[in-house]
Amino acid sequence: MLDPKLIRGDLQAVSEQLKKRGVVLDVVRLNTLEEQRKALQVKTQDLQNERNIRSKAVGQAKAAGKNVDDILKEVKDLGDSLKATEEQFEKVQAELNEYLALIPNLTHESVPVGKSEEDNQVVRSWGTPKKFHFTPKDHVDLGAQHNWMDFSTGVKLSQARFVVLRGPLAKLNRALAQFMLDMHTELHGYQEICVPFIVNSDSLFGTGQLPKAKEDLFSLMGDNELYLIPTAEVPVTNTIRDEILESDQLPMKYVCYSPCFRKEAGSYGKDTRGMIRQHQFEKVELVQIVRPEDSYQALENLTMHAEAVLQKLELPYRVMVLCTGDIGFTSAKTYDLEVWLPGQDRYREISSCSNMEAFQARRMAARWRNPATGKPELVHTLNGSALAIGRTMVAILENYQDEDGRIHIPKALQPYMNGVEVI
RNA sequence: GGAGAGAUGGCUGAGCGGUUUAAAGCGGCGGUCUUGAAAACCGUUGAGCUCGCAAGGGCUCCGGGGGUUCGAAUCCCUCUCUCUCCGCCA
């Protein structure tokens, strides 16, 4: 959510900024609603004040043993008009909030302006794509050879975009999670956290998945409105919802392993082959809660922590800065890490690291007490995948294959595979 | 799943229809005293919204939502959560 004061104070500037994202604000409607809000709020509060004063007079008159019939009649009419005004005010307020909740974050000035994925820019590259003296297979063919990666059973158990992993690949999946968690806790100073994989709508509103991306969430049947998490970002970031943190608690750095569930509603026909786009996948997520002045340095650090995983696994990748047209709803600046996939002969996204600034914090009422002012102020929140485990497995299969279709295990990962060097 | 009890500021806890503008204690912060500290004493200490150039006003919040009333922390309905006991259970 953007600062309502900013929208009120300089709607034109906000509107210009959002145009870079391809979002057109209904300036006239917003102005109209805001004028109505102001008038109705003032009127409501005046009437409430009046009611409070009169009601108190009733009490005093009664205590003094006077007759209160006249005052009572007077205040009753006041109550009626108050109720009507309050209803109007709440209606306008709700309409305004509904609109505000759908406005995306403003992008940082360093974010390149662009329309689509095509306009994202390469920031840096690491490693060189390996030359194979044979035609490399893709992960689907490699995974199928011993029935280690089984999509048809996934369909039988659930539906399309689910997979069953067996034997060495199931173990590789577990090893990767363990390896990443150890790296971030031991080398990068994150605290491991284990959270619910089912969350309520308040949490999803807090991190910005609701109301806008509701169609991409799996919801649970039952009386309560509950959803499967699309990312650990939701429960982990929401741990500080409605909190006022002391300054010595910052920065908070959490690493969390979790499954993620996404309907992929907008991706019909995209990546239908293989493990790239599944309804359920696992991920190790980094979340940082920081002071506002530290958030852009934190974004650089967090991105490097994600990169470190790829470097340890010796997987070639490049860092992209997403342009204004491709960046996510809640983000002010995002770096995507793209890993080289020989089977597809191109780079594919394996991590996304973002600074949300105060966008989520405002939705969550997540604050810290600034010692300089003594007042509660909004924190900045960041998160990034480090990494998506399914896609990392895909990258290892395709990059570490030999002519026989065997997979060599990256050195750093061997201790997590009981010393096995090849599968 | 069944029965009962409860939810009040950072914490403990009073209030159960009208000087509550939420008592009191603890904690926090500032001060006096002290070489320094402790103790004691004094003062101070919630959040959000809003009007205003400012000074300074006003409104809302006692788990969430709704209702009764001129007036609700207090009465009613409902949901959520916590605790105790019973049942079931990885």
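Sequence lines set the chain letters: A, B, ... in the order given, protein chains first and strands last, and positions in each chain run from 1.
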Distance, rounded to the nearest Å, where A:Lys83 contributes NZ and B:U69 contributes C1': 10 Å
Complement of B:A37, any strand, by Watson-Crick or G-U distances under 3.5 angstrom: none
C1' atoms of B:C75 and B:C88, separation to the nearest Å: 38 Å
Near-ring test A:Tyr227/A:Phe261, centroid separation under 6.0 angstrom: no
A:Arg241 versus A:Ser203, side-chain donor and acceptor atoms under 3.5 Å: yes
Any A:Arg369 side-chain nitrogen or oxygen under 4.0 Å from OP1 or OP2 of B:G10: no
Of residues 194-208 of chain A, the positions that come close to RNA chain B - non-hydrogen atoms, cut-off under 4.0 Å: none
Under 3.5 Å side-chain donor-acceptor pair for A:Thr373 and A:Glu377: yes
Span that lies between the C1' atom of B:U34 and that of B:G48, in whole angstrom: 43 Å
With A:Thr153 via side chain to side chain donor-acceptor pair (under 3.5 Å) - residues at least two apart: A:Asp150
A:Tyr296 and A:His380 aromatic centres sub-6.0 Å: no
Side-chain H-bond candidate by donor/acceptor type, A:Gln288 with A:Asn383, under 3.5 Å: no
Would you list the atom pairs, donor with acceptor, under 3.5 Å between side chains in residues 390-397 of chain A and any protein atom, with sequence neighbours excluded?
from: A:Arg391; atom 1: NE; to: A:Ile276; atom 2: O; distance (Å): 2.9
from: A:Arg391; atom 1: NH1; to: A:Glu349; atom 2: O; distance (Å): 2.8
from: A:Arg391; atom 1: NH2; to: A:Ile276; atom 2: O; distance (Å): 3.0
from: A:Thr392; atom 1: OG1; to: A:Ala388; atom 2: O; distance (Å): 2.6

A:Glu90 CD - B:C61 C1' separation (whole Å): 14 Å
Geometric cation-pi criterion A:Arg363 and A:Phe205, 6.0 Å radius, 45° cone: yes
Side-chain donor or acceptor of A:His139 paired with backbone N/O of A:Met275 under 3.5 Å: yes
Spacing between A:Glu86 atom CD and B:G65 atom C1', to the nearest angstrom: 15 Å
Side-chain donor-acceptor contact under 3.5 Å, A:Arg348 with A:Gln344: yes
Plane angle bin for A:His188 and A:Tyr190 - parallel if under 30°, tilted between 30 and 60°, otherwise perpendicular: perpendicular
Short side-chain donor-acceptor distance under 3.5 Å, A:Tyr257 and A:Glu192: no
B:G52 phosphate, OP1 or OP2, under 4.0 Å from A:Lys38 side-chain N/O: yes
Residues from residues 245-253 of chain A lying under 4.0 Å of RNA chain B - heavy atoms: none
Listed pairs, N/O of protein and of nucleotides 14-20 of chain B, under 3.5 Å:
from: B:G18; atom 1: O6; to: A:Lys62; atom 2: NZ; distance (Å): 2.7
from: B:G18; atom 1: N2; to: A:Ser55; atom 2: O; distance (Å): 2.7

Watson-Crick or G-U counterpart of B:U21, or none if no pair lies under 3.5 Å: none
Separation of B:G64 C1' from A:Glu225 CD (nearest whole Å): 14 Å
Test item: side-chain donor near acceptor, A:Glu86 and A:Gln48, under 3.5 Å: yes
Check: A:His279 ring centre within less than 6.0 Å of A:Phe162 ring centre: yes
Closest-nucleotide 5' rank along RNA chain B - winner of A:Arg8 and A:Pro376: A:Pro376
Separation of atom CG in A:Leu47 from atom P in B:C51, rounded to whole Å: 16 Å
Check nucleotides 56-60 of chain B for protein N or O atoms closer than 3.5 Å to its own N or O atoms and list the pairs.
from: B:G58; atom 1: O3'; to: A:Asn49; atom 2: OD1; distance (Å): 3.2
from: B:G58; atom 1: N2; to: A:Gln45; atom 2: OE1; distance (Å): 3.0
from: B:G58; atom 1: N2; to: A:Gln45; atom 2: NE2; distance (Å): 3.3
from: B:C59; atom 1: OP1; to: A:Asn49; atom 2: OD1; distance (Å): 2.9
from: B:C59; atom 1: OP1; to: A:Asn52; atom 2: ND2; distance (Å): 3.4
from: B:C59; atom 1: O3'; to: A:Gln48; atom 2: OE1; distance (Å): 3.1
from: B:C59; atom 1: O2'; to: A:Gln48; atom 2: OE1; distance (Å): 2.6
from: B:U60; atom 1: OP1; to: A:Arg51; atom 2: NH2; distance (Å): 2.9

